[in-house]
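Below, read A as the first sequence line, B as the second, and so on, with proteins coming before strands; counting in each chain starts at 1.
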Amino acid sequence: GDTGTPKAAAEGSGSSSSSGGELSYALATSPDSLDPGKSGYAVSHRVFRNIYDSLVSELPDGTFKPWLAESWTKSADGKSYTFKLRHNVKFHDGTPFNAAAVKATLDHTQTLTGQARTLIGPFKSAEVISEDTIKVNLTEPFEPLLSGLSSAFLGISSPKALQQYGEQYGKHPVGTGPFKFVSWSENDQIVLEKNAEYNWGPPIADNKGASHLDKLTFKIVPEEATRIGSVQSGQVLAAETVPPQNILTLKNDPNIKLDTAITNGTPYTLYFNTSNAPWSDLKLRDAVRSAVDVDTIVKTLYLGTYQRAWSVLTPGILGYDASLENSVKADAAKANQLLDELGWTKGADGIREKDGKKLTLRYLESSPNREKRNDIAAIVQQQLKQVGVDVKLTITKDTVTPLTQGEYDLVGNSQVKADPDILRNLFRSDRVYGKGGYNYVKLNDPGIDKLLNQGYQETDPEKRKAAYAQIQQYVIKNALALPIYVFPYTVAHSSSVEGLKFDLLGYPQFYDVTIRK
Amino acid sequence: MKEATALKPIRKITWKASVSLRRISASSVFLYAACLVVIFMTACAIAPQWIAPYSPEVMDPNQLLQPPGAVHLLGTDYFGRDVFSLVVYGARDSLLIGVASVLVGGGLGGVIGALSGYIGGWVDVIVMRLIEILMSIPGILLALAIAAAVGPSLFNIVLAVSAGVIPNYARVMRSQVLTVKNKPYVLASRSIGSSELSIFLKHVLPNSLSPFLVMATVGIGSSILTSSGLSFLGLGVIKEIPDWGTVLSQGRGYLTVAWWICTFPGAAIALFVLSVNVIGDRVRDTLDPRKSGD
Amino acid sequence: MTGAITTRLFSSLLVVLGSSMLVFIIMYLLPGDPVLIMLDGNASTPEAIASLKSHLGLDQPFYVQFYRYFIHLLQGDFGVSRVNGDLVLPKILEHLPATLTLTLVSVSVSLVVGILLGVLSAIHRNGVIDFAARFIGLFGISMPAFWTGILLLLLFSIQLGWFPAMGSDGWKTLVLPGLTLGLIGAGFIVRMVRNTMLEVLGEPYILTLRAKGLSERSVMYGHALRNSLIPALTMIGLTVGELLSGTVVTETVFARQGIGRILADAILSKDIPVVQGVIFFTAMIYVLTNLIVDISYSFIDPRVRRSQLKGGV
Amino acid sequence: MTEPLLATQGLSVEFEKSGKFLEPVSDVSFHIGRGETVCLVGESGSGKTITSKAIMRLIDFERGRIKSGSVKLDGEELTTLPASLLRSLRGKRISMIFQEPMAAFDPVFTIGAQLVETIRRHDRRTLREARAHAVHLLQRVGLPEPKLRMDQYPNELSGGMLQRAMIAMALACGPELLIADEPTTALDVTIQAQILNLLGELKTELGMSILLITHDLGIAAEIADRMIVMYAGRIVEQAPADRLFAQPRHPYSAGLLRSITTMDSDRSAPLYTIEGAPPNVTEFPSGCRFHPRCPLATAKCREEAPPLLGSDGHEAACWHTDELLEELSLPSPQSEKLSPEPQSSGIQPPLSAGEAKAALPETEQELLFDVVGLTKHYPVKNALGLTKAVIHAVDDVTFSIHRGETFGLVGESGSGKSTLGRVLIQLEQATGGQIFFQGEELAGMKPARRKMLRREMQMIFQDPYGSVNPRWTIGDTIAEPLEVHQKLSAAERKSRVEELLGWVGLNPAWASRYPHEFSGGQRQRIGIARAIALHPSFILADEAVSALDVSVQAQIVNLMQELQSRLGLTYVFIAHGLNIVRHVSSRIGVMYLGNLVEVAPAEELFLHPAHHYTAALISSIPWPDPSRKKEFSAIQGEIPSPANPPKGCRFHTRCPAATALCREQAPKLSMIGSEHSVACHYPL
Ligand SMILES: Nc1ncnc2c1ncn2[C@@H]1O[C@H](COP(=O)(O)OP(=O)(O)OP(=O)(O)O)[C@@H](O)[C@H]1O
Ligand SMILES: Nc1ncnc2c1ncn2[C@@H]1O[C@H](COP(=O)(O)OP(=O)(O)OP(=O)(O)O)[C@@H](O)[C@H]1O
Ligand SMILES: [Mg+2]
Ligand SMILES: [Mg+2]
C-alpha cells in the first residue's frame with residue numbers, strides 16, 4: 001500500500017530563491033476552454049487553477065480551510081450553506097469580488113453541462129444576503145459540496161467578463177487568481193502573467209503575496225518525445241506526464257528533477273458491462289479477473305513507476321478501503337477451472353466455446369494510447385488468450401457510439417475527483433451513460449443506490465467512510481471491475497525550478513514556484 | 001566545368017566508358033538487392049513462422065527492453081516481445097495494406113481515369129473537375145475522415161488509404177490514355193471498324209498501363225507510409241500482430257531509451273519502400289517505349 | 001491573358017466550392033452522432049439532446065442543412081465550432097499563418113534540395129554522384145514523416161541543441177518541421193528533375209547550343225535547367241496536397257500551430273463546421289498554388305503563355 | 001591543289017550502347033574546299049549526321065568517340081583539340097543548322113536572346129551592338145519585321161521563319177564552313193525552295209563552304225558542287241555533282257538515281273527499286289556493305305570491303321565499277337527489269353503484272369465517291385468549353401472519285417488533305433456537305449448499313465512505327481479486321497493472314513513476330529496487308545510513303561499499284577512528294593487552306609497548271625538533274641492560319657496575279673477542260 005496523501009514536491013519553500021522570471025510548462029493536451037463552468041478536463045484545471053480562486057481550500061488531510069470565503073455555516077438540514085466572503089479582493093478586470101460575483105458564477109454553471117455542474121450536485125439557488133454574504137441552497141443534503149467548491153471548476157469568475165464575453169468567455173477568462181490571463185494561441189501556448197495585487201493566496205501555499213513568477217506559459221506539446229526533449233534541451237523549464245521509460249532515464253540527469261503527485265478519484269479500472277450475456281455471470285467475470293495478471297501488467301508497462309490499484313477508489317481519497325489490498329490474485333489455474341466448471345470448453349483454436357458460441361470479450365478503449373492504456377489492452381488480450389478467452393479489441397477515438405449502444409463487455413476509465421461521491425456517478429442505477437452518468441457496469445442494485453445516496457447525504461464522516469467501504473467491497477466481491485493502476489502525475493523540470501507543489505487532486509500549484517538564476 | 005578533363009578527349013572517354021561499365025554492375029547490384037529485399041519480405045508475409053525465431057505474441061516480462069543481442073537478434077520491446085519476430089510477422093499486414101490499397105485505389109482510379117480519358121467530352125470534363133476537387137482535399141484528411149468514421153480495422157485502413165490515392169491514379173491513367181488514344185494504331189483499328197470497347201480494351205488500355213504500373217509499384221510503399229501516419233494519429237489498427245507502421249508509431253516514445261524498438265520496423269518500411277522504388281524505376285525504364293525495342 | 005486568368009480563377013472557385021460541398025456530404029454521411037460526440041456522454045437528458053440538435057439545425061433534413069451551410073458560406077459565415085463554440089473563421093485565421101509559412105518553407109526546401117540533387121544527378125548521370133543524389137531523394141520518401149521528424153528532433157534539438165524542438169514562433173522553429181516535410185517533397189522533385197533534365201539534354205536544341213560553342217555551364221544552367229523546371233513546377237502544384245497532408249503529422253510532432261492539427265481534431269470530433277472551414281482553406285491553398293504555378297509557367301515557358309493557361313487538368 | 005578547308009582522313013566513330021560498341025561510321029575520308037558546296041547524301045542510318053557531328057566533335061556529348069582518323073580544319077587537327085579551344089571554334093568557324101527548326105531553338109528564350117548569346121559568345125560586342133547585328137542578320141535571311149522577331153519566342157514563328165532564323169544564327173560569326181543537316185526535310189516544298197534559294201545566295205555572297213546533308217537527290221542536284229554518297233557508314237562514291245548524275249560508278253548510287261521518280265517518269269511502268277532495305281548499324285554486312293542488295297555482288301564483295309578509288313575527283317568503292325559502267329552505257333529502255341520484283345522475301349504475288357492490267361475494271365468512269373460542298377470545321381474551345389475560334393480545315397469541297405482510279409491530293413501542310421481523307425472514310429463526321437458512296441449518301445444512312453460500308457474503306461497510315469500496336473504480333477494486327485467483321489475459325493484466320501503476308505511480300509512465317517523486329521518498309525507492308533484484309537474497294541493512303549527511305553518508297557508504291565490492279569482498288573493518295581503523286585495518280589486535286597483549288601489529270605496538271613498556286617508548287621520541286629539547274633520561282637510567304645483564312649480567294653495573299661477581285665470574291669471551281677477544273681479568277 002501507499003501513503004494516501006499526495007506527495008508534495010521535494011524542496012521546501014523558496015524563500016531563499018530570487019523572484020521573477022518566466023516558467024514555461026509543457027502540457028500534453030490542450031484545454032478546450034478556460035471557462036471553468038464549461039470544461040471538464042484535468043488539463044483545463046491545471047491552467048485555470050492559476051486564474052481562479054475558490055471559496056474554500058481542501059487540505060491534503062481532507063479538511064477545509066477558508067480562501068475567498070472567510071467562514072461558512074451549514075444549515076441543520078444540510079440543505080443550505082452560508083459563506084462570509086473576504087474583502088478587498090479584486091478580479092483581474094478590476095471588478096470587485098463579492099456575493100453577486102459568486103452568485104453569477106454559480107448561476108452560470110447551471111446553464112452549462114460541465115463538470116462544475118455535477119460538482120455542485122443538487123444546487124437549487126444562490127442568494128445574495130449582503131455584499132459579502134452568499135447563501136447556497138440545495139434540494140437535498142450534499143456532503144461533497146465543499147470539496148466541489150474547493151476545485152477550480154467552481155472557481156469564481158468575474159461577472160462583468162461573463163456578461164461581456166458570453167459564449168466566448170472561455171477564451172477570455174477573468175478570475176481573482178495569482179495569475180492573469182494574457183493570451184491563448186490555440187494548439188500552441190497559453191500565457192499568464194503575475195497578478196501584482198494578489199495577496200489572498202490559499203492556505204496550502206507558503207507565499208502570501210503576489211506570485212514569484214512574472215510569467216507562466218503553458219506550451220501544448222502532445223508528442224511525448226518532443227515534450228521530454230524540450231525540457232532536456234532547455235526550451236521549456238518543465239513538462240508534465242513523463243512516460244515511465246523516461247522517468248527511469250531522467251532520474252540520472254543532473255539538470256532535471258522529477259516531481260510526482262498521486263492523483264485522486266478512481267484509479268484506471270476496467271469495468272464489466274453486466275447487462276451483456278454471458279458477462280452477467282459473476283463466475284465468468286471472476287474467471288477473467290483471475291486470468292488477468294495485473295501485477296505483471298503494471299510492472300511491464302510502467303517499470304515500477306506506477307502503483308497497482310486494488311479498489312475503485314484511489315488510496316488518497318476519503319473512504320478508501322485498504323482492506324481490499326491483496327484481496328485478489330492472478331491465478332490462471334483457477335480461471336481455467338472456473339471456465340471449465342461453467343461448461344466453456346476449449347475449441348481447436350484454443351478459444352473456449354459453449355453451445356456453439358465462442359467466449360469473446362469485447363474490450364473497448366479509447367485512442368490514442370494515453371498512459372499506455374492501449375498496451376494494457378494488448379496484454380490483457382494475451383493473458384486471456386492463455387485461458388481461452390477471445391478478446392476483441394476496439395480501440396477508437398469515438399468511444400461514445402459503442403458506449404451509448406452498449407456494444408462492449410469491458411471498458412477502461414479513470415476519474416479525477418476529491419470526494420468518494422464520484423462512485424455515485426459510476427454505480428447508481430440512474431447514472432446511465434449518455435444521461436449524465438458513467439454507469440458502465442450497468443449496475444442496478446437498490447442496495448448500492450441507497451449506500452451511494454447515503455454517502456453524499458450523510459454528514460458524519462465515519463458513516464460516509466463505512467458506506468463507501470461497503471460499496472467498494474461489493475464491487476470487488478462481484479468482480480464488477482478490475483482496478484489496474486493509480487496514475488502518478490509526473491513532472492520533469494529543470495533543477496532551477498523550485499517550489500512546485502501539488503494539491504489533493506495532484507494538480508500542480510505554481511503560486512509558490514521560483515526559478516533559481 | 002569539364003575543361004581540364006577534356007584536354008585529352010580520347011583517354012577521357014575511355015575512362016568514362018569504363019565508369020559506365022562499372023555503373024551497370026552497380027545498378028544491377030542495387031536492383032538485385034532490392035529484389036532480394038522484396039522477395040524476403042514477401043516470404044515473411046506469407047510464411048513468417050518459418051523465418052521468425054519466436055512467436056510475436058509471446059510477452060516475456062523478464063525480457064523487457066533488451067538491446068539487440070544473441071538471444072534476441074533485434075532486441076525486445078516494452079512487452080518483452082522479440083523485435084525481429086515482430087518485424088517478420090508484421091510484414092503480412094504491412095504488405096497487405098500496401099498492396100490492397102494500391103489494388104483498390106489504383107484500380108478504381110485507373111478505371112475512372114481511363115474511361116474518362118477515353119470517352120472524353122462532357123464525361124471527361126465532369127470527371128476531371130471531380131478529380132480536381134478530390135485532389136484539393138489533402139489525401140490523408142480524406143483517409144482520416146474515413147478511418148474515423150468506419151473505425152479501425154485492416155479493411156477500413158485499406159479503404160481509407162485507397163480513397164486518398166484515387167485521384168492521383170486517375171490523373172496518370174487519364175493523361176496516358178489521352179496520348180495513346182491518338183496513336184495511329186488506334187485510328188487504324190477504328191478505321192477497320194473495331195468497336196470502341198474493343199479498341200479501348202485491346203489497344204488503349206494495354207498501351208497505357210506502364211506509367212500506371214510504375215506508379216502502382218511505388219504506391220505500395222507510399223500506402224504503407226500513409227497507414228503508419230494514421231497509426232500515428234491514433235487511428236491505426238491495434239492487433240495482436242501489429243504491422244510495421246503501428247509498431248513504429250507506438251514504439252516512438254521509446255526512441256531515447258530503446259532505439260531498437262522502432263528503428264527496425266522503421267528500417268523495414270524504409271527498406272521496402274526504397275526497394276519498391278528501385279524496382280519501380282527499373283520497371284519504368286523497361287516499359288518506356290523510347291528505351292524498349294519499338 | 002487576363003481573360004485566361006479570369007476563366008482559370010472562375011474554375012478554381014468552382015473547385016473550392018465543389019470540395020466544400022463534397023466534404024459536407026462526406027461528413028454528413030459519416031456515422032456517429034455529432035451531438036453525442038459533442039457531449040461526450042455528459043449529463044444530458046434526451047430533451048437536452050433534442051434541443052441542442054435543433055439549436056444546431058441538425059434536426060433538419062439534409063438538403064436544408066446543405067442549403068443553409070452553403071448560403072452561410074457564400075456570405076462568408078463559417079459558423080461556430082460544435083465542440084467549444086469557437087468562431088470558425090477567426091480560429092482558422094489564427095492557425096493559417098503557421099501552416100502557410102511551414103508549407104512555404106517546406107516547398108522551398110523541396111525545391112532547393114530537389115532541384116540541386118536532380119540536376120547533379122542528371123549531369124553526372126550514372127556516376128557516383130547520381131547514385132548518391134537519387135538515394136538521398138528516395139530516402140526522403142521512404143520514411144514516415146513522424147519518424148523523420150523525431151529523428152531530426154533528437155539530433156538537432158536534443159543532441160546538438162541547434163534548433164528548438166517545438167513551437168511556432170521565430171524562424172528557428174520552422175527549420176526542423178520544414179526539413180521534415182521538405183525532404184518528402186524533395187524526393188519526388190529529385191526524380192522529376194533528373195528525368196526531365198535527361199530528357200531535355202537529349203533535345204535537339206541542346207545540340208544547337210553546343211554547336212554554337214557555349215560552355216557546358218551555360219548549356220546546363222542557362223538552358224537545360226530552366227527547361228527542366230517546368231515539370232518540377234507542376235509537381236509542386238500537385239504535391240501541395242501531399243504537403244498539407246504532411247502538416248497534420250508534422251504539426252503534431254513539433255507542437256506547432258496549424259490548420260492540419262485543428263482539422264485532425266475536428267474530423268475526430270465530427271466538428272463539421274471546423275472541418276468545412278479548414279477544407280475550404282486547404283482547397284483554396286491548393287487551388288491558388290496551382291494557379292500560381294500555372295501563371296509562373298508562362299514566365300518560364302513562353303509556349304504556355306498563349307495556349308495552356310486554359311486550365312483543366 | 002590548295003589546302004582544302006576541311007579534310008577528314010579515315011574517320012571512324014564509335015558508340016557504346018548497353019555495353020556493346022557500335023561503329024556507325026567507318027573510314028570516312030573526304031574534303032571540302034573553300035567556297036565549295038558539298039552534299040552528303042544517303043538513306044536513313046547511313047551515318048550522315050554522325051559524320052557531321054564528328055567533325056565538330058559533338059559526339060563527345062552522346063557517349064561517342066572518334067575511334068580513329070583525323071579531321072583537319074584549315075590544317076588544324078580537331079580530333080585532339082582541347083574542349084575549350086574546340087568550343088571557341090564551334091559556332092565561330094564552323095556552324096550548323098538542323099533538320100527540325102522548331103526543336104533546334106530553346107523554347108524558353110526569345111529568338112533575339114539566342115542570337116545575341118551566340119554573337120557575344122564569340123565576338124566581343126556590347127549587348128547593343130550584338131542586338132543590332134542580330135537584327136541585321138535576321139534582315140539578311142529575309143525574315144519580315146526582324147525587330148519584332150527578336151522578341152518573339154520560337155513557338156510564335158512558323159517552321160520556315162525559324163529555319164531562316166537558324167540560318168541567321170549560324171551566320172552570326174561569319175563561319176568558314178556551314179554544316180546543314182537536312183535543313184529543309186521538315187518543311188513544305190514551297191518553303192524548301194525559299195530556303196535553298198537563300199543558302200545559294202548566301203554562299204556566293206559570303207564565300208563560305210557548305211556541307212549539306214540530305215537524302216533528296218533533287219536538292220543535291222540543285223545546289224551541290226560535289227556529292228558524297230554514304231551507305232551504311234561508309235562513303236561509296238564521291239564526285240562532282242554533274243558527273244555523278246551523268247555516270248554513277250557505284251551500283252548503290254546508280255540505283256538511288258534510278259529509283260527517284262522524276263516529273264517526266266513513265267507512269268505506266270513500275271518504279272525502279274533497290275531490293276531490300278538499308279541495314280541497321282548493329283548488323284552491317286561484311287565486305288562491301290551493299291552486297292546483299294547489289295545485283296552485281298560476287299563472293300569477293302561479300303568478303304572484302306572495296307577501297308574508295310578513282311581518278312580526277314570521281315571515286316567509288318566498288319569491285320565492279322567497270323561492269324556497271326558497261327551495263328549503264330547500253331541504251332536500255334527496259335532497265336527497270338533490273339529488279340522488277342519489289343518483294344524482299346522473294347515470294348511471288350499470285351498474279352503477274354500483265355494479268356493485273358487485264359483485271360482493271362471496265363467501267364472506268366463509274367463513280368465511287370461523289371463529294372458535294374464538303375466542309376469540316378474544328379471548334380477550338382477554352383477552359384469553360386466555349387468556342388473561341390473555328391478552324392476551317394476543309395471548306396466547301398466538291399469533287400468525285402471514279403472506281404479504280406488513284407486520286408492524288410497535294411498541297412502544303414495544313415491545307416486540309418488529311419482531314420478531307422478522314423471525313424471521306426467516315427473516321428470523322430463532316431460539318432456540312434454530302435458524301436455519296438456508290439450513290440448512297442453516307443450521312444443519312446442507318447448506322448448498321450454505314451458499318452457495312454465502312455468495310456469497303458480502309459486506310460494506310462504515314463507513320464509505319466506508330467500505326468501498328470507494338471504489343472501485338474503482326475499476325476494479330478493483320479487479323480484484326482477479320483476478327484471484327486468475319487467470324488473465322490482460328491485455322492481459317494491463320495491461313496488468311498499468311499495469304500495476306502504473301503501478297504504484300506512478307507514471309508508468311510513471320511506472323512508471330514512483333515513489330516519492332518521489322519524495318520519501316522516492312523511495317524508499311526503490314527499496314528497494307530491489314531488494309532486489304534477485308535477486300536475493300538477504297539483505300540486512303542495518307543502520306544503512306546513519306547516516312548520511308550527513298551529506295552524503299554519505290555517498293556511500296558509499286559506494291560500499292562500492283563495491288564490496285566489485282567484487287568480493283570480505288571486510292572486517294574496523299575503525299576508531299578509531288579513526283580510520286582504524279583506517278584501514281586490518274587487525277588490530282590490541289591488543296592490550299594481547306595479549299596480544292598484545282599483538279600486535273602496528272603499529266604495535264606503538271607504540264608498545264610491553271611492555278612497560280614499549282615504552278616508555284618510545281619516550280620518549287622527540286623529537279624534531280626544538275627544539267628537542268630534552274631532558279632526556283634518560289635512563291636513568297638507562308639500559308640495563313642486556317643482559323644482565320646483570308647477573305648476572297650484564300651491564295652490572294654501570296655498570289656503574284658492577285659487583284660482587288662481576288663481579295664473580295666472567292667472564285668468557284670469551274671471546268672476549263674474536259675477533266676480540268678480550277679478555282680481562279682485569272683487561270684494560267
Ligand atoms: N548517340 C548514338 N548512340 C548510338 N547509336 C547512334 C547514336 N546516334 C546515332 N546512332 C546510330 O548510328 C547510325 C547512323 O546515324 P545517323 O544519325 O548518322 O544517320 P543519318 O544518316 O543521319 O540518318 P537520318 O537520315 O535518319 O538522319 C544509326 O543507325 C543510329 O541509330
Ligand atoms: N482534330 C483536329 N482539331 C482541331 N484542328 C484540327 C484537327 N485536325 C486537323 N486540324 C487542323 O486542320 C487543318 C488541316 O489539317 P490537315 O491535317 O487536314 O492538313 P494536311 O493537309 O493533312 O497537312 P499535313 O501535310 O501537315 O499533314 C490544320 O490547320 C490542322 O491544325
Ligand atoms: Mg540524320
Ligand atoms: Mg496530313
- Query: Where do D:Leu202 and D:Met208 land on the side chain to side chain contact (heavy atoms under 4.5 Å, CB included) test, with the steps shown first?
  - Reply: CA-CA 8 Å; D:Leu202 290 170; D:Met208 59 182 178; 4.2 Å; yes
Please classify the contact between [X] and chain C as side chain, backbone, both or neither, with a heavy-atom cut-off of under 4.5 Å.
X: D:Lys92; value: neither
X: D:Met102; value: neither
X: D:Phe98; value: side chain

- Message: If I measure from the heavy atoms of chain D, does C:Leu209 come under 4.5 Å with its side chain, its backbone, both, or neither?
- Response: side chain
- Under a 4.5 Å heavy-atom cut-off, does chain D meet the side chain of C:Arg210, its backbone, both or neither? both
- Query: Centres of the C:Phe281 and C:Tyr286 rings: under 6.0 Å?
  - Reply: no
- Heavy-atom neighbours of C:Tyr67 OH exceed 12 at 6.0 Å: no
- Item | Side-chain heavy atoms of D:Asp181 within contact of D:Ile97, under 4.5 Å | no
- Side-chain heavy-atom pair C:Asp130, C:Leu120 within 4.5 angstrom cut-off: no
- Among D:Glu117, D:Gln99, D:Met96, who wins on heavy-atom pairs under 4.5 Å with chain C? D:Glu117
